[in-house]
Amino acid sequence: MMWSVGHVVILVAMGGCWGDGYFAWEGPDTREHRPPRKPKPKPRGRRSDRPRVGLGYKGLAYDERPVVEPKPKKAKPSYPVRLKYSLKGHRGSIYAVEFDWEGDYLLSAGEDRQIILWNAKDGDMVKTYPINHSGDILCLLIAHDRKYFLSAASDGKIFMWNTVKGTVTRALMIPRFAKPNSLSWNEDESILACGTEDGQIHIWDLKSRNSKPIQSLRQASGAISSVVVDQPVIIAGSADGSARMYDVRTGKLVTRNFGGPAIGSIRVSKDKRLFLVSCLDNTIRVIDRETGDQLMSYKGHENCKYRIPSLFSNDGSLIVSGSEDGHVHFWDVVGGSLKHSIRHGNEAVLCVTLHPRTHVIATAGPKDGVIRIWE
């Protein structure tokens, strides 16, 4: 085939080339320039797949590297360790401090006959209630729905309050205007029991509108210091050194005597099998409910004058109690050893109440009118 000058011009105009470079274009290159391709990385095997040769960590072969165990996290203590804040609003001794059932609010009362509602989260004073009692307020109870609460005073009266409006909606009269030492009601808040200084237990049916008790129990020979309604049984501790269990349905009475020391408070464990009995001989006892046998005893605090409550912690692992030396003590339930103590002040700790959901506690005592919140 013969090539002519015309063929060559056409090839050059098309920017083409021929063969091994017989024709070369000396003008600007109009073809698209692409960046050079990056070489593909060579596949790398896992560390376990690679040969373990030579020395590795600090001159040791790879297979000889020391295994470093993670440090275990320290478990948080199940008791409060520091003061969160102090609540100041009362004058004189404080005799009653109660958390509501959710732990959002705190209610307090005492010698000044003033009832104060506090915000338990930040310590702000939410509300003060009118002074309707003519004596020291000794007991408080808060309803589950927080719509109302009860207060009992040394004037022999029990008032039911509307929490929001701050008004008294009902008044119950204690026979002979006896001084109340303890209040308790059943789970549906229909039966109320009050233990008094004259050794009686008075029972009201709150579903009725009668201000007088429907029944009074008079078997104790000393003041009733503590009462618990565990329907159908009413449990009471007395200054005569006995704990009594009244079965309201059958009328059966079971008495447990602990050898003479007056009982300052009595509590029931969550499983209903144990009594926690605080006696005025500097001793706290755990009693088997069925047999009356003493299972454990706890010492290290001072309690021979006042009715100081002792409590099971929320998880049941600790015993908590105030003391006349100004401390709050915590014992291990199983071992009986004193695990921790916090100092409230110089006077006796008359009130100890537990937050229903956390390890927070509230403490109060005589004279200074201060409530301390610990976490």
Side-chain angles (χ1 to χ4, degrees), residues 77-83 86 90 92-98 108 110-111 136 138-139 179 181-182 195 197 222-228 237-243 257-267 274-287 294-313 317-354 359-374:
S78 57
Y79 46 78
V81 295
R82 70 180 185 91
L83 178 65
S86 298
H90 286 284
S93 300
I94 298 173
Y95 299 127
V97 177
E98 293 290 336
S108 62
E111 183 181 4
D136 300 354
L138 305 174
C139 308
K179 176 185 173 183
N181 287 332
S182 179
E197 190 69 22
I224 301 296
S225 56
S226 184
V227 64
V228 178
S238 173
D240 62 9
S242 298
N257 191 284
F258 303 115
I263 295 176
S265 77
I266 188 167
R267 295 291 188 273
L274 303 174
F275 290 156
L276 184 65
V277 182
S278 180
C279 300
L280 301 189
D281 62 349
N282 303 319
T283 306
I284 301 171
R285 296 169 171 85
V286 172
I287 306 298
Q294 178 176 312
L295 305 180
M296 286 291 294
S297 64
Y298 308 88
K299 294 188 176 183
H301 68 308
E302 295 180 15
N303 185 18
C304 57
K305 297 179 181 178
Y306 300 104
R307 294 183 295 104
I308 296 178
S310 57
L311 311 165
F312 287 106
S313 62
S317 65
L318 297 174
I319 303 294
V320 187
S321 176
S323 176
E324 292 170 6
D325 62 2
H327 289 80
V328 179
H329 299 292
F330 301 82
W331 291 266
D332 178 65
V333 168
V334 178
S337 60
L338 183 62
K339 297 192 66 174
H340 183 60
S341 297
I342 56 177
R343 185 173 183 81
H344 170 85
N346 298 323
E347 302 292 336
V349 181
L350 301 180
C351 300
V352 178
T353 184
L354 308 180
H359 300 316
V360 172
I361 70 169
T363 62
K367 298 182 180 180
D368 62 358
V370 177
I371 304 166
R372 291 179 172 87
I373 308 298
W374 308 82

Sub-4.5 Å side-chain heavy-atom contact between [X] and [Y]:
X: Leu318; Y: Lys339; result: yes
X: Ile361; Y: Val328; result: yes
X: Arg285; Y: Met296; result: no
X: Pro80; Y: Val360; result: no
X: Tyr79; Y: Ile342; result: no
X: Ile224; Y: Asn181; result: no
X: Asn303; Y: Leu280; result: yes

Where is the tightest heavy-atom contact between [X] and [Y], given as atom of each residue plus distance?
X: Val352; Y: Gly322; answer: CG2-N, 3.8 Å
X: Thr353; Y: Leu311; answer: CA-CD1, 4.3 Å
X: Ile94; Y: Val97; answer: CG2-CG2, 3.7 Å
X: His359; Y: Ser78; answer: ND1-O, 3.4 Å
X: Arg267; Y: Ser226; answer: NH1-OG, 3.6 Å
X: Ser238; Y: Gly222; answer: OG-O, 3.3 Å

Determine yes or no for a side-chain-to-main-chain donor-acceptor pair under 3.5 angstrom, with [X] supplying the side chain and [Y] the backbone.
X: Ser337; Y: Gly335; result: no
X: Ser225; Y: Gly237; result: yes
X: Glu302; Y: Asn282; result: no
X: Ser313; Y: Ser317; result: yes
X: Ser182; Y: Val227; result: yes
X: Ser93; Y: Lys367; result: yes

Supply the atom-to-atom distance [X] [atom1] to [Y] [atom2], rounded to the nearest 0.5 angstrom.
X: Ser86; Y: Ile373; atom1: OG; atom2: CD1; value: 8.5 Å
X: Ile287; Y: Gln294; atom1: CD1; atom2: CD; value: 5.0 Å
X: Trp331; Y: Leu338; atom1: CH2; atom2: CG; value: 6.0 Å
X: Lys299; Y: His329; atom1: NZ; atom2: NE2; value: 14.0 Å
X: Ile263; Y: Arg307; atom1: CD1; atom2: CZ; value: 13.0 Å
X: Leu295; Y: Phe275; atom1: CG; atom2: CZ; value: 11.5 Å

* To do: Kindly indicate, with the supporting measurements, whether the criterion side-chain contact (heavy atoms from CB on, under 4.5 Å) is fulfilled by Tyr306 and Leu350.
  => CA-CA 7 Å; Tyr306 300 104; Leu350 301 180; 3.8 Å; yes
* **By side chain to side chain contact (heavy atoms under 4.5 Å, CB included) - contacts of Leu138 (at least two apart)** => Tyr95, Asp136, Ser154, Lys179, Pro180
* To do: Please lay out, stage by stage, how Leu354 and Phe312 fare under the test side-chain contact (heavy atoms from CB on, under 4.5 Å).
  => CA-CA 9 Å; Leu354 308 180; Phe312 287 106; over 6 Å; no
* To do: Using side chain to side chain donor-acceptor pair (under 3.5 Å) as the criterion, point out the one residue from His344, Arg372, His327, Arg343 that pairs with Thr363.
  => His344
* **Audit row: Ile266, Leu276, side-chain contact (heavy atoms from CB on, under 4.5 Å) steps and yes/no** => CA-CA 6 Å; Ile266 188 167; Leu276 184 65; over 6 Å; no
